[in-house]
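The residues of the chain are indexed from 1 along the displayed sequence.
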Amino acid sequence: MYLQNIKIWNFRKFGTDGTYDPAKPNLDLKLTQGLNLLIGENDSGKTAIMDAIKLVLKTHSYEWIKVEIEDFNKNSNKFRIELHFENLSDDEAKHFTEWLSWKGEGAMAEPTLKIIFEAKRIENKIISSDVKAGPNEGNMLTQEAKEFLKITYLKPLRDAKNELIPKKNSRLSQIFQEHDAFKGQGDTHLLVELFKQFNVDIKKYFEGKDKTDRILPDNQQKGKKLKSEIDKYLKSFYDKSKETDIKVVEANLKNILEKLELLVKDEHNIGLGTLNRLFMASELLHLNKENYDGLRLGLIEELEAHLHPQAQMQVIESLQEQENIQLILTTHSPNLASKVKLENIILCNNNNSFPLGINYTKLDRADYIFLERFLDTTKSNLFFAKGLILVEGWSEELLIPALAKFLKRKNIIEKDLTEAGVSVINVGNTALHNYSRIFLRNEVPYMDLQISVITDTDIRFYKKIPMQNSDGSLVKDSNGKVVYNYEKENIREVAVSVREKMTNISTKFNEQTVRSFPAKYWTLEFSLNKSNALGEIFREITKEVHSGSDWTDFEKELSKKLINRTLDKVEISYRLAEKLDNTNDINFNENDTINYLINAIKYACNC
């Protein structure tokens, strides 16, 4: 069985100022059977989801989990959590016979299980209901049934070193006691017998004998002497008939397991990263126990804790290959986000959670295949942003952050990209559509994530024409290459083509919270040349970068380089961005040709 759905009313972030509508949960999140990765900016509800599951099901580590005043959303006096389980096998379902519901009819009906937990508060007094299960409002779930629903949980910033060392009630001893190797065997276990024999051998040492009762050499009789000295004082202080008994610990299985330590063979002084992986390996034992009919669900918060990027990749790849278990993870790591399949990601945004599987987004199956190949660690930053600007290339990626800082200094916008939590994502021309549709939902609620798509119209203002001799043959240079002439396109025809392209772009990208901001004038560089504010600076920089070119007719030479793709766009944008960082003496008017960039920044930053 697996946790298929979690519904929440008025728990933590998920609520509506005290109102409670049983038909409208504040969170209605569908999960996958395998891996589920919760990602999103800080304070977006990831931990609240994990804690809601823990609060209802409890954990194998027997940690104390209770309802706090802070668990109630704002002014609410009641919260509710429902967990829906599906795909129960016969062996799993037998533990919940009287609480089952059924999905489907007749022979095709499948058992499902709904778990319900509610808590109320009257002023500062909390009244929690017991966990219920079943159709409608359900019936009380027995403690025996609850045992089969316990989960494995790894908290954030876990102290793996402290969890793995020998001590009373150590976490390692708890894990081992629940495994088939030790569970229910008590003092009949082989380890107990071995330990009893070990204590016999220790007793003989302090009697001056070896394990075969032979007298030890004089240089090994110090143990006997030590015991005799203590016995002398004991007899004088207490009773002449008494003597000491020296042994390790009482020979019972629990005490033995509390003395065990888990290490990596042949490695010494291992660091926190390795200890963390070792601890995760031991905790996940619960999920792969043989002959176990309970829930195999693991929650891991901040999987990346103490792990360098390559270790993160190794761990997440291994977890994705696990079968017959369900995992719910949280992360702030772009590395992990880039490695997990898009349809296993759940984006937490604006007090809601959005699965990115094919049933929920407007992406096609082909889009998923494309994105999983190209969604690298840089682009995966988009999952942690409050707003996005999708661009076609390096020029825009370099220029836009500097332009936003300049606009902030000039009080044109209130916040720059960093302050607004906006990421600029360079996805390339062919991928703009794919990336923008990640955030488009098949049904409400929609994401509250403002996304600007900056793209070129790519309608050329000049055309490239091969030169011909009087006989109609092509003119060639000394190297045998065709010589071209560059002529201005018909202005009216260009204007018509631009309007059509702008309409197509608007139709393609303006949906839900996605907005398009196209360059009306061919490309970014052509728009910069025509800009009243930046045109002169752009031309100076371009001439410096391409000092060997003939710039007598700047627009024509620029067009030539754009058509032939010989313009060093990156270097020009880098220098222009540096110029913007070091000047305030630039003024934009409402008709400037690069206002589409400014408007894109304003929209993404919600300014």
Side-chain angles (χ1 to χ4, degrees), residues 1-6 29-39 46 49-54 56-63 83-96 110-113 115 145-156 158 160 163 171-172 174-181 183 262 276-305 307 312-331 336 339-346 355 357:
M1 63 177 167
Y2 77 101
L3 179 57
Q4 183 268 340
N5 178 227
I6 173 172
L29 175 60
K30 302 289 194 305
L31 300 165
T32 65
Q33 284 188 256
L35 185 71
N36 299 266
L37 183 66
L38 298 173
I39 63 178
K46 301 185 294 295
I49 293 170
M50 303 287 260
D51 286 350
I53 297 171
K54 282 170 42 191
V56 180
L57 301 182
K58 303 301 185 284
T59 71
H60 288 293
S61 58
Y62 300 102
E63 58 188 311
L83 305 179
H84 296 251
F85 296 88
E86 290 191 0
N87 202 32
L88 281 75
S89 68
D90 291 343
D91 286 333
E92 292 167 340
K94 69 184 181 185
H95 302 296
F96 310 101
E110 297 179 354
T112 66
L113 180 65
I115 306 295
K146 290 178 188 177
E147 288 294 319
F148 289 97
L149 291 171
K150 284 185 175 178
I151 60 171
T152 295
Y153 171 68
L154 279 78
K155 61 187 177 183
R158 40 206 168 272
E163 298 286 3
R171 181 66 194 126
L172 188 63
Q174 294 175 16
I175 294 169
F176 280 15
Q177 285 178 73
E178 290 297 314
H179 194 272
D180 286 347
K183 190 172 184 178
L262 191 61
N276 189 26
R277 281 176 279 180
L278 188 60
F279 178 51
M280 284 193 286
S282 62
E283 281 284 1
L284 294 176
L285 275 176
H286 288 294
L287 303 181
N288 290 295
K289 290 187 293 188
E290 296 180 358
N291 303 317
Y292 178 63
D293 300 329
L295 179 64
R296 298 175 186 268
L297 172 59
L299 310 184
I300 305 177
E301 290 203 69
E302 296 181 19
L303 179 65
E304 67 272 19
L307 299 181
Q312 294 175 25
M313 298 290 199
Q314 189 176 12
V315 171
I316 199 65
E317 280 192 355
S318 175
L319 293 179
Q320 286 192 98
E321 293 171 358
Q322 298 294 310
E323 297 180 353
N324 303 319
I325 65 174
Q326 185 181 24
L327 293 168
I328 304 175
L329 318 177
T330 69
T331 187
L336 291 175
K339 203 68 177 175
V340 173
K341 291 181 179 179
L342 191 61
E343 52 194 37
N344 293 112
I345 291 176
I346 298 169

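Here the closest heavy-atom approach between residue Gln326 and residue Leu31 is recorded as NE2-CB, 3.9 Å. Pairing each heavy atom of Glu92 with each of Gly294, the nearest pair is OE2-O, 4.1 Å. Counting all heavy atoms, side chain and backbone alike, Ala93 lies closest to Leu88 at CA-CD2, 4.0 Å. The nearest pair of heavy atoms linking Glu302 to Thr330 is N-OG1, 2.9 Å. Among all heavy-atom pairs drawn from Lys54 and Thr59, the shortest one is CG-CG2, 4.2 Å.
In this structure, the side chains of Ile316 and Leu35 come closer than 4.5 Å at one or more pairs of heavy atoms. Under the 4.5 Å side-chain criterion, counting only non-hydrogen atoms from C-beta, Ile346 is not in contact with Ile49. Between Gln320 and Leu37 there is no side-chain heavy-atom pair separated by less than 4.5 Å. You'll find the side chain of Thr112 stays beyond 4.5 Å of the side chain of His84, heavy atoms only. Side-chain contact check for Asn5 versus Lys30: some heavy-atom pair is nearer than 4.5 Å. Leu57 is not listed as a side-chain neighbour of Leu3, based on a closest heavy-atom distance of 4.5 Å or more. No side-chain heavy atom of Lys150 sits under 4.5 Å from any side-chain heavy atom of Leu295. Leu303 is not listed as a side-chain neighbour of Gln312, based on a closest heavy-atom distance of 4.5 Å or more.
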Leu319 vs Leu329, test: side-chain contact (heavy atoms from CB on, under 4.5 Å). Steps then yes/no.
CA-CA 10 Å; Leu319 293 179; Leu329 318 177; 4.2 Å; yes

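Put simply, CD1 on Ile6 and CD1 on Ile53 are 4.5 Å apart, with the number rounded to the nearest 0.5 Å. In this structure, the separation between OH on Tyr2 and CD1 on Ile325 is 15.5 Å, given to the nearest 0.5 Å. Annotation: the span from Ile328 atom CD1 to Glu301 atom CD amounts to 11.0 Å, rounded to 0.5 Å.
Residues that satisfy the salt bridge (Lys or Arg N to Asp or Glu O under 4.0 Å) test with Glu86, not counting sequence neighbours, are Lys103. Evaluation of the side-chain hydrogen bond (donor to acceptor under 3.5 Å, both in side chains) rule for Thr331 yields Glu304 as partners, not counting sequence neighbours. Looking at residues two or more places apart in sequence or on another chain, you find no salt bridge (Lys or Arg N to Asp or Glu O under 4.0 Å) involving Lys58. In terms of the side-chain hydrogen bond (donor to acceptor under 3.5 Å, both in side chains) criterion, Gln4 has no residue partners (sequence neighbours excluded). In this view, Lys339 and Glu317 satisfy the side-chain hydrogen bond (donor to acceptor under 3.5 Å, both in side chains) rule, not counting sequence neighbours. Residues passing the salt bridge (Lys or Arg N to Asp or Glu O under 4.0 Å) test with Glu343 are Arg365, sequence neighbours excluded.
Other residues, nucleotides and ligands contribute more than 12 heavy atoms inside 6.0 Å of the NZ atom of Lys146.
Classification of the Phe148-Phe96 ring pair by plane angle, with boundaries at 30° and 60°, yields perpendicular.
No donor-acceptor pair closer than 3.5 Å links the side chain of Asn344 to the backbone N or O of Asn36.
Just one residue in the list Asp293, Leu297, Leu149 forms a side chain to side chain contact (heavy atoms under 4.5 Å, CB included) with Met1, and that residue is Leu149.
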